[in-house]
Amino acid sequence: MTILDGKKISNDIKDEIALDVQRMKERGERVPHLAAILVGDDGASLTYVGSKVRACERVGFESTLVKLPDTTTEEELLQKIKELNESEHIDGFIVQLPLPKQINEEKVLNAVDPSKDVDGFHPENFGRMALEMESFIPATPFGILQLLERHQVETKGKHTVVIGRSHIVGRPMSILMSQKGKAGNSTVTLTHSHTKDLSEFTKKADIIIVALGVPEFLTEDMVKEGVVIIDVGISRVPDETKPRGYAIKGDVHFDRVSKKASYITPVPGGVGPMTIAMLLKNTLIARERQLK
Ligand code: NAD
């Protein structure tokens with residue numbers, strides 16, 4: 001069994017990006033600049049945005065954090081997005097989700113200029129991705145492709161089962177795994193909460209990508225020997241023995257499933273760190289496209 005080490009691979013990717021930034025500086029070019037908009041003070045969102053900003057520093061990007069109160073109106077947020085769309089100094093930006101309930105998420109995501117949409121959530125980027133055209137691939141799916149590719153996990157002709165059909169993970173993953181090219185050419189089954197007899201699909205799968213948010217959902221009786229497991233789930237489970245009072249669990253029962261798997265991602269240290277690395281990669285791509 002081989003661990004798909006997201007911590008190591010994400011560090012390799014960050015090192016490669018840092019080298020590209022160094023070369024940009026040597027050529028006298030402006031370095032990539034990522035901005036993040038955070039509305040309100042949700043604890044988890046603050047942590048995520050904080051890690052994104054620190055990651056920018058690590059690779060030599062410029063970063064801007066736009067913090068808005070949770071009383072911000074939709075119009076005020078759309079105005080801020082317009083400013084970032086028009087700013088010559090910002091190459092890419094993200095709007096941290098979830099947003100307060102007075103704000104329509106779809107309207108906000110649609111307002112981001114697709115050429116700066118480094119989260120890849122704009123319908124134009126999603127459509128272009130589905131058509132195998134130049135786009136921004138959402139960071140988590142992009143990270144999963146890199147994990148598979150850099151560990152040379154064969155996907156061609158394999159049967160991939162994706163569990164969960166969210167717009168940010170499951171659905172794009174199902175599209176990407178069936179595309180032509182590296183970490184693709186797979187036969188894909190997309191399963192969700194209305195799937196009957198899920199085990200009948202997972203037991204036949206060569207690769208299982210699990211993104212549903214239910215701790216330790218996938219157990220060893222649901223998989224075959226030699227399966228490749230990608231665990232996207234991140235849940236906080238109360239645990240008195242941990243200093244913070246909770247443990248981080250994935251959607252896979254790691255101890256039991258890892259005994260049958262050929263490759264598996266741990267949680268934490270698997271898909272999570274890849275997501276931030278690929279957000280940086282998308283920002284670098286945005287900058288390079290602007291320079292062309
Ligand atoms: P979501 O809540 O938007 O969607 C969950 C999906 O799971 C739905 O499509 C639903 O149909 C499906 N589902 C629910 N119960 C099911 C069942 N019993 N059988 C089959 N399918 C079922 O989820 P999301 O935003 O994709 O997030 C999923 C998990 O991944 C969460 O734990 C989230 O925190 C985590 N996540 C991690 C990263 C990362 O960087 N590692 C990124 C995004 C999300």
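Counting convention: from 1, in listed order, for ligands and their atoms alike.
Within the structure, the salt bridge (Lys or Arg N to Asp or Glu O under 4.0 Å) test picks out the following pairs touching residues 231-255 (sequence neighbours left out): Glu216-Lys249.
Near ligand 1, Thr140, Ile163, Gly164, Arg165, Ser166, Ile168, Val169, His192, Ser193, Ala211, Leu212, Gly213, Phe217, Val232, Gly233, Ile234, Val271, Gly272, Thr275 each place a heavy atom less than 4.0 angstrom from the ligand.
With rounding to the nearest 0.5 Å, the separation of CZ in Arg27 from CD in Gln22 is 11.0 Å.
Judged by distance alone, the side chain of Asn85 and the main-chain N or O of Asp113 form a donor-acceptor pair under 3.5 Å. Side-chain atoms of Ser186 never come within 3.5 Å of backbone atoms of Val188 as a donor-acceptor pair (strictly under, hydrogens ignored).
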May I have the list of side-chain donor-acceptor pairs in residues 69-78 shorter than 3.5 Å, sequence neighbours left out?
{"residue": "Thr72", "atom": "OG1", "partner": "Pro69", "partner atom": "O", "Å": "2.4"}
{"residue": "Thr73", "atom": "OG1", "partner": "Glu76", "partner atom": "N", "Å": "3.1"}
{"residue": "Thr73", "atom": "OG1", "partner": "Glu76", "partner atom": "OE1", "Å": "3.3"}
{"residue": "Glu74", "atom": "OE1", "partner": "Asn104", "partner atom": "N", "Å": "2.8"}
{"residue": "Glu74", "atom": "OE2", "partner": "Lys107", "partner atom": "NZ", "Å": "3.0"}
{"residue": "Glu76", "atom": "OE1", "partner": "Thr73", "partner atom": "N", "Å": "2.8"}

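Here Lys80 pairs with Glu83 under the side chain to side chain donor-acceptor pair (under 3.5 Å) rule; sequence neighbours left out.
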